[in-house]
Number of protein chains: 2
Amino acid sequence: MPRIEKMQSEQERKDQIKKAALKIFAEKGLVGTKMSMIAEEAGISQGLSYRYFESKDEIFALLVEEAIEESRKAIRDIAKFSGSPLEQLKAFTLQMLDENHRLYFLLVQQALTLEVVPSKAREAIERYSPQETIEQIIPIFVRGQQEGVFSEGDAYKQLILYFSVVNGLILQDAKVIGMDWTQEVDLLLKILMK
Amino acid sequence: MPRIEKMQSEQERKDQIKKAALKIFAEKGLVGTKMSMIAEEAGISQGLSYRYFESKDEIFALLVEEAIEESRKAIRDIAKFSGSPLEQLKAFTLQMLDENHRLYFLLVQQALTLEVVPSKAREAIERYSPQETIEQIIPIFVRGQQEGVFSEGDAYKQLILYFSVVNGLILQDAKVIGMDWTQEVDLLLKILMK
DNA sequence: GTCTATATATCGATAGAC
DNA sequence: GTCTATCGATATATAGAC
């Protein structure tokens, strides 16, 4: 008879470690994160993580892949969301700024920018280009342009700028003085509007 | 007779190491930067840096202080710059995005956000609050409001958002697809405008 | 399964040869 | 003045006790 309870526990343990690791990685980056920090955050001993994961790099790569998948999912969701182009972009922006998504975005940012990443994570990151995100949003933006809501001109260029701005805000949010950016999304969207 | 040539060489060596260190620190952060990376970037051996600087932390703290001084100088310059409030803010923004200033801004960002910084750098950073930057720009912004160029409402809040956005762009710039943000400053300024 | 103790690798910093 | 070799500290990863 299979001991389902035990299997659940193992998965829960893994999730517990991953959750702790995500928080620290997103804040401190790969090299800035020590396994002892992850262990402390998870409330376990330093050595125990290695019963559930092979290495620090493996955990990092795993989280990066999850983060990218989450990002893709967020883009798919925006298409389903019924509303004007402006409302769709606003909803997507709010989702990016959402507490649950922030850590993932920060992690990808770390992987994109800050360090020599493990080869597994490197591969995932290379497949995941900013262009990929933008290109899926272009149709929505163009529709907004046709309706006279968004500025004319190069859609790709404007969206790259916009999402750089949002990404930048997420990066800042963690540290800079407590401010609820979600209230300010309308200001950000002015970048794109006529 | 003093050997001026030798003294120049020593200072030049120091500057060479500092320049290399700034580039790596700005990209990788304090813990992500290895002394071997700095040495390689400067084209010297790993041990030689220690003839010119006491420690990695000392170089980092030194650069942070220089960066903050540069930032303060940029703010002083904007006041001297004659022009409309909009032109002044545009000039300041362009200066922030300028290649020569970017690395310094990135470094301060690293010190503000990513890690446990050496106590010397910590002190400099604590004296240098984002508020300090904002508060000096508020008068310019308010003048623009009175002239009907900028949006009404809380000047502090709007400027915090604006500079978070610019900081975010600088952070992205290093890695995201080659794009000359300076051409897009007018789009950014729309955040502040009516 | 979890912890403590330890082997191994890496990096900051120093010493010594040239 | 610069490099190479090495020490000491710290961190990753493993081994062994419970």
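A, B, ... follow the sequence lines: proteins, then strands. Residue 1 opens every chain. The figures here come from the full heavy-atom set of this structure, side chains too, leaving out hydrogens, waters and symmetry mates.
Atom pair B:Lys14:NZ and D:dG1:P shows a separation of 13 Å (rounding to whole Å applied). At whole-Å resolution of the value, NZ in B:Lys56 and P in D:dT10 are 13 Å apart. Regarding B:Met35, its CE atom lies at a distance of 10 Å from the P atom of C:dT14, rounded to whole Å. Atom C1' of nucleotide D:dT14 and atom CD of A:Glu58 are separated by 16 Å, given to the nearest angstrom. Protein atom CG of B:Leu48 is 5 Å distant from nucleotide atom P of D:dC3, rounded to whole Å. Whole-Å rounding puts the B:Tyr50 OH to D:dT4 P distance at 16 Å. Between the C1' atom of D:dA17 and the CZ atom of A:Arg51 lies a distance of 13 Å, rounded to the nearest Å. Taking atom CD of residue B:Glu12 and atom P of nucleotide D:dT2, one finds them 12 Å apart after rounding to whole Å.
You'll find the side chain of A:Val117 stays beyond 4.5 Å of the side chain of A:Val64, heavy atoms only.
Electrostatic pairing of A:Arg102 and A:Asp98 does not count as a salt bridge here, judged by no charged N lying under 4.0 Å from a carboxylate O.
Using a 4.0 Å heavy-atom cutoff across all strands shown, B:Ser49 reaches no nucleic acid atom at all. Among the protein residues, B:Tyr52 comes within range of the sugar-phosphate backbone only, with heavy atoms under 4.0 Å from sugar or phosphate atoms but none that close to a base.
Nucleotides of DNA chain D nearest to A:Gly47 and B:Ile44 differ in position, and the one nearer the 5' end is that of B:Ile44.
With a 6.0 Å cutoff to the six-membered ring centre and a 45° limit on the axis angle, A:Lys14 counts as a cation-pi contact of A:Phe53.
At least one donor-acceptor pair closer than 3.5 Å links the side chain of A:Ser151 to the backbone N or O of A:Met193.
When distances are taken from the side chain of A:Gln46 to each of D:dT12, D:dG1, C:dT4, the shortest belongs to D:dT12.
Contact check, B:Arg13 against D:dT2: a side-chain N or O comes under 4.0 Å of OP1 or OP2. Side-chain N/O atoms of A:Lys34 include none lying less than 4.0 angstrom from OP1 or OP2 on D:dA11.
Looking only at atom types and distance, the side chain of B:Arg143 has no donor-acceptor partner in the side chain of B:Gln146 under 3.5 Å away.
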